[in-house]
Amino acid sequence: MTRIAGPDDHVVIVGGGFSGTLLAINLMRHGGPRATLVERRQRQLARGVAYSAAHPSHLLNVRAGNMSALPDDPNHFVRWLEARGDGDRKTFVPRTTYGLYLREMLDATIAQSAGRLVLAQGECVRSISPAPTGLR
């Protein structure tokens, strides 16, 4: 049985790279709890280290046709890429392009989340605990 999150359910995702971003996106897509995504390096939000590579010549080592971020929509990335005129399913695209894809997905998810997904820029250095105004 699938449990739909209640109004008081909330998770904090520490790290807004590839894994944290996809967790946040999929929580929103599948009726999960409200979420706060914490990332200390704004430049790496949604991209992480792997997809924020500084040089545009760094390519993915897998063709675009196998790089959808959504397993239930295997052509998602290819459609995004083709809409931009940046390639097709056989293309090896720059890592920075894939990072842009992830960032646009995150931005769209935040916009559609009605406040259920929020970003926090910062660094988690201790455990998170309840506070009168939320979390500390």
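What you see below is based on every heavy atom in this structure, not just the backbone, and it leaves out hydrogens, waters and symmetry mates. These figures come from a predicted structure and were not determined experimentally. Heads up: numbering here begins at 1 and tracks the sequence.
- Atom CG of Leu81 is separated from atom CG of Asp86 by 5.5 Å, given to the nearest 0.5 angstrom.
- Using a 4.5 Å heavy-atom cutoff, the side chains of Gln112 and Leu117 are not in contact.
- In this structure, the side chains of Arg47 and Phe18 stay at 4.5 Å or more apart for every pair of heavy atoms.
- Distance check, rounded to the nearest 0.5 Å: CZ of Phe92 to CE of Met67 gives 11.0 Å.
- Between the His30 side chain and the Gly32 main chain, no donor and acceptor come within less than 3.5 Å of each other.
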**Message:** Please determine whether side chain to side chain contact (heavy atoms under 4.5 Å, CB included) holds for the pair Leu70 and Met105, giving the CA-CA distance in whole Å, both sets of side-chain angles, and the decisive distance to 0.1 Å.
**Reply:** CA-CA 10 Å; Leu70 306 175; Met105 284 180 59; 3.7 Å; yes

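- Between Met28 and Ser113 the shortest heavy-atom distance is SD-CB, 4.0 Å.
- Transitive grouping of hydrophobic side chains (ILVMFWY, heavy atoms separated by less than 4.5 Å) keeps Leu37 and Val14 in distinct clusters.
- Rounded to the nearest 0.5 angstrom, Ile13 CD1 and Glu39 CD are separated by 12.0 Å.
- Side-chain contact between Gln44 and Val49: present, with at least one pair of heavy atoms (C-beta onward) separated by less than 4.5 Å.
- Arg34 places none of its side-chain heavy atoms less than 4.5 Å from the side chain of Val11.
- Pairing each heavy atom of Pro94 with each of Pro56, the nearest pair is CB-O, 3.5 Å.
- Between Val38 and Thr36 there is a side-chain heavy-atom pair separated by less than 4.5 Å.
- Partners of Asp72 by side chain to side chain donor-acceptor pair (under 3.5 Å), not counting sequence neighbours, listed by chain and number: Arg29.
- Residues Asp9 and Pro33 approach most closely at CB-CB, 3.6 Å, considering heavy atoms.
- Annotation: side chain of Tyr51 is not in contact with side chain of Thr21 (no heavy-atom distance under 4.5 Å).
- Side chains of Leu59 and Val93 form no contact here, defined as non-hydrogen atoms less than 4.5 Å apart.
- Between Arg89 and Asn75, the side chains place a donor N or O and an acceptor N or O closer than 3.5 Å (distance only, hydrogens not considered).
- Linking ILVMFWY residues whenever their side-chain heavy atoms come closer than 4.5 Å, directly or via other members, places Leu100 and Leu22 in the same cluster.
- Residues passing the side chain to side chain donor-acceptor pair (under 3.5 Å) test with Tyr101, sequence neighbours excluded: His76.
- Using modelled atom types, no side-chain atom of Tyr98 and backbone atom of Ala64 make a donor-acceptor pair closer than 3.5 Å.
- In this structure, the side chain of Asn66 does not engage the main chain of Val62 through any donor-acceptor pair within 3.5 Å.
- Under the 3.5 Å distance criterion, with hydrogens and angles disregarded, no donor-acceptor pair is assigned to the side chains of His58 and Thr96.
- Distance alone, capped at 3.5 Å, is enough to place a donor-acceptor pair between the Arg43 side chain and the Ser52 backbone.
- Across all non-hydrogen atoms, the minimal contact from Pro74 to Ser68 is O-CB, 3.4 Å.
- Not counting sequence neighbours, the partners of Thr91 by the side chain to side chain donor-acceptor pair (under 3.5 Å) test are Asp88.
- Both Ile110 and Leu27 belong to a common hydrophobic cluster when Ile, Leu, Val, Met, Phe, Trp and Tyr are linked at side-chain heavy-atom distances under 4.5 angstrom.
- With contacts defined as side-chain heavy-atom distances shorter than 4.5 Å, the pair Leu106/Leu45 qualifies.
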